[in-house]
Amino acid sequence: MNSVYRSNSQLPYEEEDGILKIKEGELADQLKKLNEIEDMRKQLPGTKKVTNLTWNGAYLNIEGFAYINGITNIEEDHITKSLIVKNLDDCGTSYEVPMIDLKTNVNMNEFEKENYKWAGFKLEVNFAQLTEQREPLPAGKYNCYISVSALNKDSELVETLLPLGNISEFLKNEFHSSKMEFFSAKKLLEYNLMAVYNRKTKTLEMTSTKLKDIHPSQLEFNTTKSKQYKFMRKYVFKMLYIFFHIFSVKKNRVLFATDSRSEMNGNFSFIYDEMRSMNLDIDYKFMLKNSIDERKSFTDIWNLAYWCATSKKIILDDFYPMIYPLRIRKSADLIQVWHAVGAFKTFGYSRIGRPGGPSIKSKNHRNYTKAVVSSKNVGRHYAEGFGIEEAETIVPIGAPRTDVFFDDVYKEAKRAEIYEEYPELKNKKVILFAPTFRGNGQSSAHYPFDVLKFDELYNNLKDEYVFVFKIHPFVNNKVVIPYQYVDFFYDFSDYQEINDLLFVTDILITDYSSVCFEFALLEKPMIFFAYDVEEYIRQRDFYFEYQSFIPGKLAKSTEDIISSIRNEDYDFKKIKPFVEYFFDDLDGFASRRFVEQLILEKEQ
């Protein structure tokens, strides 16, 4: 609903000694006329101006000022402004996004600055997460308005609705288009967003068109989740495991099992190499798969059941649901050497009652007989997350994969190897962007790349830096690098070992990922790009207060990232105490301690 525009002589106020006053006897008549025209109680015409409007994918950033003529606002709490997104096909449907009220605006005249001190506004809105369910703007045609509410001299709330005005100058070629995506365990949505200037209504018009609406299971073209296969994984596997108890546990058998990698790398690699270097008489067994959804053959299931029943040591490095229902034999150990270091965002049973958290009846993790952590200080958090006893099972001997951070020969060799394979990194400072995924699990994992302004990063940093993406393997949507920026942005998401990339990294940008623990060992600068930190705390939460915890600069926008880098503002003083708290041993012998204490069971 649009506001009526009138000249100052028609408006129900007058100026006296520089102060606005309501004209005697005219207010009621004016309001009555406005009600008849606008069908809105107590509505007064207003003034507005959009001074900046930019798009970054589905993100709209808008700035300007707006006020109700005749109602001064010298106090911030006397005025509020919102963006109203009104459905033109369904008049009863609209979305309201509150704006940030600002004091004055450089584009206002002196009279406006004096009488409408809090008329300024700014707003960032993500149309890919607009609804209460955080889904994209539903299909339809919409007009955008500025809603202004203010208290008059009688403390009555007065409201008006204003079109944005001519914003065509802010639209390249007079339009903007973008994809909007949504991922959940039950939905995969994709929309197209088109924004234009509507010359008739004098405001921003948007059209949302649904392109895709499917269940994630429809994308699976194999039979991994068939009923027969589920029966094999769950019931046949467990029956085989019980049957194989007829065989005794082999004292020298060690099983490495993971559903996160098909090769011996990460913690597994360092433990295995240490055992081999000691020339131990070990019967090694391996069950390595890239993901939980990768199909195991009947032979795999048979072997896994037999090896689990007969191995002295079963070593895991991540979530492994097939093993959790098993009762581990008394003479055996199920050891979790978790892929992450330290304790950051809550996980496992620490998330009971939260979205994506486990059921209190779940058996996941609870059968570990040993769990390796990096320090005594995080032991209780892992015990809580895994649902196990801290005193009996938590072993603070350090993460084997961190040994390389104390091996100068390895670090130098790895740097040379990476520079030889990727010479584009060699003569520039490397910014590594390694955030965690958004979503409640693998099926809904995604990252909203629109939060990054590629053009601003490129224009401000390209001369001295390169920007490398290392995106979590769970993420379903992939980063798309504009072709004009390919000499600055590089996608290393498929590079297997992130720790090796850290050796050529000059600045790490992360958010809630545990990679910050390893990188802290190098004593290099970190930026924590946590644009959604308030929501993340509400939904996921942390073991520590986020702002005091992070050993680096908090950034909530691309502009913050650029400012921190250009001004070398990194908050280095937090790094040393951070390392000392989360690592008990800084010697590079975690792998040796693992083998001696957990494999050979030497007394300490």
Side-chain angles (χ1 to χ4, degrees), residues 1-5 34 37-40 43 45-46 48-64 66 80-99 121-149 159-184 187-214 446 448-451 477:
M1 185 178 304
N2 298 338
S3 297
V4 175
Y5 290 83
L34 286 168
I37 298 171
E38 295 288 332
D39 191 28
M40 182 178 287
Q43 184 170 5
K48 88 298 174 198
K49 183 177 179 61
V50 173
T51 58
N52 186 45
L53 185 151
T54 58
W55 286 95
N56 189 54
Y59 280 79
L60 171 65
N61 288 270
I62 185 170
E63 298 179 30
T80 60
K81 297 175 283 293
S82 300
L83 180 72
I84 303 296
V85 183
K86 186 173 180 59
N87 192 320
L88 301 180
D89 302 318
D90 181 0
C91 295
T93 302
S94 63
Y95 300 91
E96 180 177 6
V97 186
M99 294 175 165
F121 66 79
K122 70 176 181 179
L123 171 71
E124 181 181 82
V125 55
N126 180 12
F127 287 102
Q129 295 183 1
L130 189 67
T131 71
E132 290 184 5
Q133 295 75 33
R134 313 292 291 173
E135 294 182 10
L137 180 68
K141 184 175 288 187
Y142 300 83
N143 272 350
C144 294
Y145 300 94
I146 299 172
S147 171
V148 186
S149 301
E159 300 176 87
T160 190
L161 208 60
L162 306 168
L164 271 62
N166 191 345
I167 45 82
S168 58
E169 64 177 298
F170 299 113
L171 298 173
K172 185 178 180 181
N173 297 318
E174 299 193 344
F175 77 93
H176 172 77
S177 65
S178 177
K179 292 289 189 295
M180 301 185 295
E181 297 177 307
F182 174 81
F183 298 90
S184 76
K187 285 184 179 181
L188 196 164
L189 302 174
E190 185 176 315
Y191 290 77
N192 182 67
L193 179 68
M194 174 64 71
V196 299
Y197 172 58
N198 188 319
R199 299 183 185 280
K200 183 177 180 180
T201 58
K202 303 295 183 182
T203 195
L204 182 69
E205 178 184 287
M206 296 186 300
T207 303
S208 175
T209 305
K210 184 183 288 187
L211 303 177
K212 184 185 296 182
D213 184 356
I214 62 174
H446 65 283
F449 294 105
D450 287 348
V451 296
N477 59 321

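Being a predicted model, the structure only gives us computed values, none of them experimental.
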Practice prompt. Would you mind reporting whether K86 and Y145 have side-chain heavy atoms less than 4.5 Å apart?
Written response: yes
Worksheet item: Between P138 and S208, what is the shortest heavy-atom contact and its length?
Response: O-CB, 3.3 Å
Discussion item. With salt bridge (Lys or Arg N to Asp or Glu O under 4.0 Å) as the rule and sequence neighbours excluded, what pairs involving residues 131-148 come up?
Written reply: R134-E535, E135-K187
Worksheet item: Looking at G140 and D89, what are the two nearest heavy atoms and their distance?
Response: CA-OD2, 3.8 Å
Worksheet item: Side chains of Y197 and K202: closer than 4.5 Å at any heavy-atom pair?
Response: yes
Discussion item. I want to check something: taking the side chain as every heavy atom from C-beta on, are M206 and L137 in contact at a cut-off of under 4.5 Å?
Written reply: yes
Worksheet item: Say you draw a straight line from CD1 of I214 to CD of E190; how long is it, rounded to the nearest 0.5 Å?
Response: 9.5 Å
Item to complete: State, yes or no, whether a side-chain contact exists between T207 and N192 at a heavy-atom distance under 4.5 Å.
Response: no
Practice prompt. Taking N173 for its side chain and F175 for its backbone only, find out whether a donor-acceptor pair lies under 3.5 Å.
Written response: no
Practice prompt. For N198 and T203, indicate whether the former's side chain and the latter's backbone hold a donor-acceptor pair under 3.5 Å.
Written response: no
Fill in: Identified side chain to side chain contact (heavy atoms under 4.5 Å, CB included) counterpart of I62 within the set T51, V50, I167
V50
Item to complete: Answer whether the closest heavy-atom distance between the side chains of D213 and L188 falls below 4.5 Å.
Response: no
Worksheet item: For the atom pair CG (D450) and CG (L60), what is the distance rounded to the nearest 0.5 Å?
Response: 12.0 Å
Worksheet item: How would you list all residue pairs meeting salt bridge (Lys or Arg N to Asp or Glu O under 4.0 Å) that involve residues 172-184, not counting sequence neighbours?
Response: E174-R199
Worksheet item: Going by atom types alone, do N126 and Y59 pair a side-chain donor with an acceptor below 3.5 Å?
Response: yes
Discussion item. Counting C-beta onward and ignoring hydrogens, is there a side-chain heavy-atom pair between M99 and L83 closer than 4.5 Å?
Written reply: yes
Worksheet entry | Shortest non-hydrogen contact between A195 and W55, atoms and distance | CB-CZ2, 3.6 Å
Worksheet item: Going through the distances and angles, do T54 and N52 end up as a side-chain contact (heavy atoms from CB on, under 4.5 Å)?
Response: CA-CA 7 Å; T54 58; N52 186 45; 3.8 Å; yes
Fill in: Separation between OG of S168 and CG of L53, rounded to the nearest 0.5 Å
10.5 Å
Worksheet item: How about V125 and F127: do any of their side-chain heavy atoms sit closer than 4.5 Å?
Response: yes
Practice prompt. Measure the shortest side-chain to side-chain distance between L123 and N61 over non-hydrogen atoms and say whether it is less than 4.5 angstrom.
Written response: no
Worksheet entry | Under 3.5 Å donor-acceptor, S82 side chain and S147 backbone | no
Fill in: Side-chain (H176) to main-chain (G57) donor-acceptor, under 3.5 angstrom
yes
Discussion item. For a quick test of reading the model, state the closest non-hydrogen atom pair linking S178 to A58 and the distance between them.
Written reply: OG-N, 3.3 Å
Worksheet, complete the sentence: Nearest heavy-atom contact between L189 and P136 is CD1-CD, 4.3 Å
Discussion item. Could you measure the distance from the CG atom of L162 to the NZ atom of K81? Nearest 0.5 Å is fine.
Written reply: 11.0 Å
Worksheet item: When rounded to the nearest 0.5 angstrom, what is the spacing between OH in Y191 and OG1 in T209?
Response: 10.0 Å
Practice prompt. Measure across C144 and L164 and return the closest heavy-atom pair with its distance rounded to 0.1 Å.
Written response: O-CD1, 3.3 Å
Worksheet entry | Distance (rounded to the nearest 0.5 Å) between I146 CD1 and T160 OG1 | 10.5 Å
